[in-house]
S.K.: 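Just dropping this structure here.
Values in this document were obtained by computation on a predicted structure and should not be read as measured data. Order of appearance sets the numbers: ligands from 1, and atoms from 1 within every ligand.
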Amino acid sequence: TGAISYDPGYGSTGSCKSEITFIDGEKGILRYRGYPLEQLAEGVSFEEVMYLMIWGKLPNQAELDGFNAKLAEHAELPEGIVAVLDNLPKNAHPMTVMQTLVATLGDYYEPADEETDIIRLLAKSKALAAYSYRKQTGKEYLKPSKGASFAGDFAHMTFGTSDEYKVSDVLEASLDSLFILHADHEQNCSTSTARMIGSAQASLYASISGAIGALSGPLHGGANQKVIEMLENIRAEGRSLEDHIELVKDKSSDVKLMGFGHRVYKNFDPRARILKKSADELFADLGVEDPALDLAKELEKVALEDEYFVKRRLYPNVDFYSGTIYRALGIPTNMFTVMFVLGRLPGWIAQWKEMRDDADQRIHRPRQIYIGENERNVTPISER
Ligand code: CMC
């Protein structure tokens, strides 16, 4: 096995060359196609970021109008998909619903060119997500609205009371910037999954469905749901933050501080910084108070003063504050990771497309270090 290097979790393996996202984990820098995240979050719409991710440039007005028109044209779900949704168990987790529906979406159409598949998936994702919420709450499905933004249309189909489009500006703007903050993060677990599946030349739908499965895990996107559940738990049990930290530090407890730590960021996660600030602004704007936000801030403080976290360079990541914002916006806890899906879709698609266009790429096929038995002989069952 001399030529094979052992790298569990691929911490030091570059699996591809990519032009999409740059991260400097020491300095806390994140750029999409060279543009700093902070500038994009302030200055452009999620639709522009989708376009940037997938086609490599910020669109001009005509390009953006054309893109929006195509998204509007493809926004409705085929009836068959809605029937599949209706037949899933009522308590199916919205992430399972998303993964299932994305996997089968392509089957409702004749095979199409790559761009049509991409537009179709982006355009329909907001109805898939919104309808998973309507189903679990037993509400009728609302139609997509022409002329609405991606974030606004999702919000309307999720919370609306009739087909007449109506969404508050704060809700629309908050979702839009949350989606931008989640739009890509280079070779994380779900993105690598999308590339892995796509490397076998499986379809876009198969690849993205697999990525959604990976994202649902509590160490990845599922952490945003787990953070709120952790905060709720601490409150319900009346546990002090110091006691909770002690529990986390006790390796035999198997309890992690959810929303803390990152493979790449070792000083701070720029997304968490932006989110903490947005949470403060949004709560002031909406005039709401949530003890979970105060608790999260306290917990951050206690953790950052503790030797265990300092030594291991563990800081709040993107999932630490996003849940408090989703909650203030009225999004139920089990939908948090679906919000991550909507934001991350353009990143997954861009990475999948880049992999397909890259002449160097071949089927992803890691090797292993075999540590099992040497050759041995089978004994008859009566002698085992
Ligand atoms: N709480 C307690 N200890 C931790 C945590 C945590 N959240 N994160 C890392 N550690 C410890 C870990 O036990 C290890 O300790 P030791 O050296 O004594 O064995 C040390 O820090 C290094 O951690 P690691 O597990 O080698 O780090 P990793 O790069 O393999 O894992 C991670 C990264 C994000 C999976 C991990 O930090 C974690 O499980 N965090 C909690 C879940 C979470 O918030 N996930 C969201 C990640 S960010 C965005 C996303 O993907 O959604």
S.K.: When the side chains of residues 84-100 are checked against the rest of the protein, which donor-acceptor pairs come out under 3.5 Å, sequence neighbours left out?
M.R.:
unit_1	atom_1	unit_2	atom_2	d
D86	OD1	Y141	OH	2.6
N87	ND2	A83	O	2.9
K90	NZ	Q136	O	3.1
H93	ND1	M95	N	2.9
H93	NE2	Q225	OE1	3.1
T96	OG1	H93	O	3.4
Q99	NE2	S209	O	3.3
T100	OG1	T96	O	2.6

S.K.: Going by the rule salt bridge (charged side-chain N to carboxylate O under 4.0 Å, His left out), which residues pair with D176 if we only count those two or more places apart in sequence or in a different chain?
M.R.: none

S.K.: May I have the step-by-step check of salt bridge (Lys or Arg N to Asp or Glu O under 4.0 Å) for E354 and R195, ending in yes or no?
M.R.: CA-CA 9 Å; E354 184 179 65; R195 280 185 178 258; 2.7 Å; yes

S.K.: Quiz question: by atom type and distance under 3.5 Å, do the side chains of S5 and D7 form a donor-acceptor pair?
M.R.: no

S.K.: Among residues at least two apart in sequence or on other chains, which ones pass side chain to side chain donor-acceptor pair (under 3.5 Å) with S192?
M.R.: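 S192 satisfies side chain to side chain donor-acceptor pair (under 3.5 Å) with no other residue.
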
S.K.: Is it true that a side-chain atom of E300 and a backbone atom of P316 form a donor plus acceptor pair closer than 3.5 Å?
M.R.: no

S.K.: For ligand 1, what are the residues with a heavy-atom contact below 4.0 Å?
M.R.: P218, L219, H220, G221, A223, V248, K251, K256, L257, M258, G259, F260, G261, H262, R263, Y308, R312, L314, N317, V318, D319, F340

